[in-house]
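The shown structure was predicted, so the numbers you read here are calculated from the model rather than taken from an experiment.
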Amino acid sequence: MREDASGAVLKRERVRDFVLDLVESRSPGDAIPSERSLCARLGVSRPTLRAAVDELVAAGLLVREHGRGMFVAPEKITQELVSGRQSMTAPQASGAWSSRLLEFTTFAAGARVGRKLRMSPAAEIVYVARLRLVDGAPMAIEHLHIRADLVPTLSAQELEAGDLYEHLREQHGVHVQEAVQAIEPTVVTRAEAELLDVPELSPALLFERLTSDTTGRPVEYVHSIYRGDRYRIVSRLTLDPSATEPPTRLGHHPGIPPGDFAHRETIASSTRGDIQTGQ
């Protein structure tokens, strides 16, 4: 881990990514190194490492056993919500969405993010952490990882105002077309609770997304924490294939900003965050 990476948010993120890479490279039930050895290896304090481990335990990815250590948790049951057409509709979002930058820097992708973006671990990415607000109230924390070679002139202004995907399209020639997104329940850490103005360990939704452009090249990996008291997931199942689908209304979809997707018959939400998948 590079010692010149500054910022508390970035440090937690990189420690989390390192431990998560250990988890993903092992099988359920496998042990991972002790906190002491990980602290020595990463050059971080015990509280910093423990915060990352606590997050992965709360997310159901790690299991702590008293006196034995830490182990990879059993695999989760996956429920696919999107239809074969991969279309998503939801009510129009209300309120004014805005962003506040928490971190904005460039560094090497590393093993885990490099695999997701199909690039060398030594290749650079732009890392962005930002707080998403509606009418001034905090709603979500987003961690974005974007290929640096695609956005050499990306500015803080673009990340704080307007539609990011529209900026990518208009200012950088990056046309996003498809996203694979996973959604699962979690709880917020102390640091996340302070940013979201909710109690520690409050329920939340974890969105993890890999976005590709029109050539199929991965351009962005994002994981976001949305307040659980403001969002719920609804699956609409159309059992009669001859039934007429309801018209799509565009807006902000939790985890996916509007933009190119909005021009492709997808994505919307409400500040209650209902997601309705047509099948």
Side-chain angles (χ1 to χ4, degrees), residues 1-79 103 105 107-123 125 127 129 141-145 180-195 200-210 218 221-225 228:
M1 177 173 294
R2 284 171 45 183
E3 292 295 332
D4 59 346
S6 61
V9 175
L10 175 58
K11 180 179 288 187
R12 289 194 300 269
E13 171 76 0
R14 300 199 73 183
V15 171
R16 174 190 178 276
D17 273 355
F18 184 90
V19 178
L20 191 53
D21 188 53
L22 292 178
V23 171
E24 293 178 345
S25 65
R26 287 163 166 77
S27 301
D30 287 351
I32 69 168
S34 67
E35 289 186 357
R36 176 178 298 180
S37 63
L38 288 174
C39 285
R41 182 171 181 179
L42 297 175
V44 298
S45 66
R46 182 69 67 91
T48 297
L49 178 72
R50 186 161 292 169
V53 170
D54 287 345
E55 180 180 344
L56 298 179
V57 170
L61 299 175
L62 274 179
V63 175
R64 273 199 184 102
E65 294 188 12
H66 183 68
R68 295 191 61 210
M70 298 178 293
F71 302 84
V72 178
E75 291 184 354
K76 295 184 179 182
I77 298 174
T78 301
Q79 174 66 58
E103 300 277 357
T105 188
F107 57 82
R112 180 170 177 271
V113 175
R115 283 199 304 270
K116 290 184 177 295
L117 294 177
R118 299 208 303 263
M119 58 192 300
S120 166
I125 61 167
Y127 168 73
I141 304 168
E142 293 183 342
H143 300 268
L144 296 83
H145 309 75
V180 176
Q181 177 163 275
I183 309 169
E184 58 185 271
T186 187
V187 295
V188 298
T189 63
R190 178 178 301 176
E192 291 166 345
E194 291 176 357
L195 289 171
E200 185 180 357
L201 301 182
S202 293
L205 290 175
L206 170 64
F207 290 79
E208 189 172 28
R209 180 178 76 255
L210 184 64
Y221 165 63
V222 183
H223 66 88
S224 311
I225 297 290

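Using a 30° and 60° split on the angle between ring planes, Tyr127 and His145 fall in the tilted class, from 30° to 60°.
The distance from the OG atom of Ser25 to the CG atom of Asp30 is 9.0 Å, given to the nearest 0.5 Å. To the nearest 0.5 Å, atom CG of residue Asp17 and atom CZ of residue Arg12 are 13.0 Å apart. Within the model, atoms NE2 of His223 and CZ of Arg16 stand 4.0 Å from one another, a figure rounded to the nearest 0.5 Å. Rounding to the nearest 0.5 Å places CD of Glu24 at 8.0 Å from CG of Leu61. Rounded to the nearest 0.5 Å, atoms CG (Leu38) and CG (Leu22) are 6.5 Å apart.
Across Ser120 and Ala109, no two heavy atoms sit closer than the pair O-CB, 4.1 Å. When all heavy atoms are compared, the tightest approach of Arg14 to Ala108 is NH2-O, 4.1 Å. A pairwise comparison of heavy atoms in Gly60 and Ala73 identifies O-CB, 3.1 Å as the closest pair. Nearest heavy atom pair, residue Arg26 against residue Pro33, reads NH2-CD, 4.2 Å. The minimum heavy-atom distance linking Pro185 with Leu205 is given by the pair CA-CD2, 4.4 Å. Counting all heavy atoms, side chain and backbone alike, Pro121 lies closest to Ala111 at CB-N, 4.0 Å.
With a 4.5 Å cut-off on side-chain heavy atoms, Ile32 and Val53 do not count as touching. Side-chain atoms of Glu194 and Glu200, non-hydrogen and from C-beta on, never get closer than 4.5 Å to each other. Looking only at side-chain heavy atoms (C-beta outward), Glu13 and Glu103 stay at 4.5 Å or farther from each other. The shortest distance between side-chain heavy atoms of Leu210 and Leu117 falls below 4.5 Å. For the pair Thr186 and Glu184, the minimum side-chain heavy-atom distance is 4.5 Å or more. Looking at heavy atoms from C-beta onward, Leu206 lies out of side-chain contact with Ile183 at the 4.5 angstrom threshold. Residues Val19 and Leu49 form a side-chain contact, since some pair of their non-hydrogen atoms from C-beta on lies under 4.5 Å apart.
The ring pair (Phe, Tyr, Trp, His ring centres under 6.0 Å) test applied to Phe71 returns no partner, not counting sequence neighbours. For Arg50, the side chain to side chain donor-acceptor pair (under 3.5 Å) partners are Glu35, not counting sequence neighbours. Residues satisfying the salt bridge (Lys or Arg N to Asp or Glu O under 4.0 Å) criterion with Glu192, sequence neighbours excluded, are absent altogether.
For the residue pair Arg115 and Tyr221, no side-chain donor N or O sits within less than 3.5 Å of a side-chain acceptor on the partner.
Using a cut-off of 4.0 Å between Lys/Arg side-chain N and Asp/Glu carboxylate O, Arg190 and Asp54 are scored as not salt-bridged.
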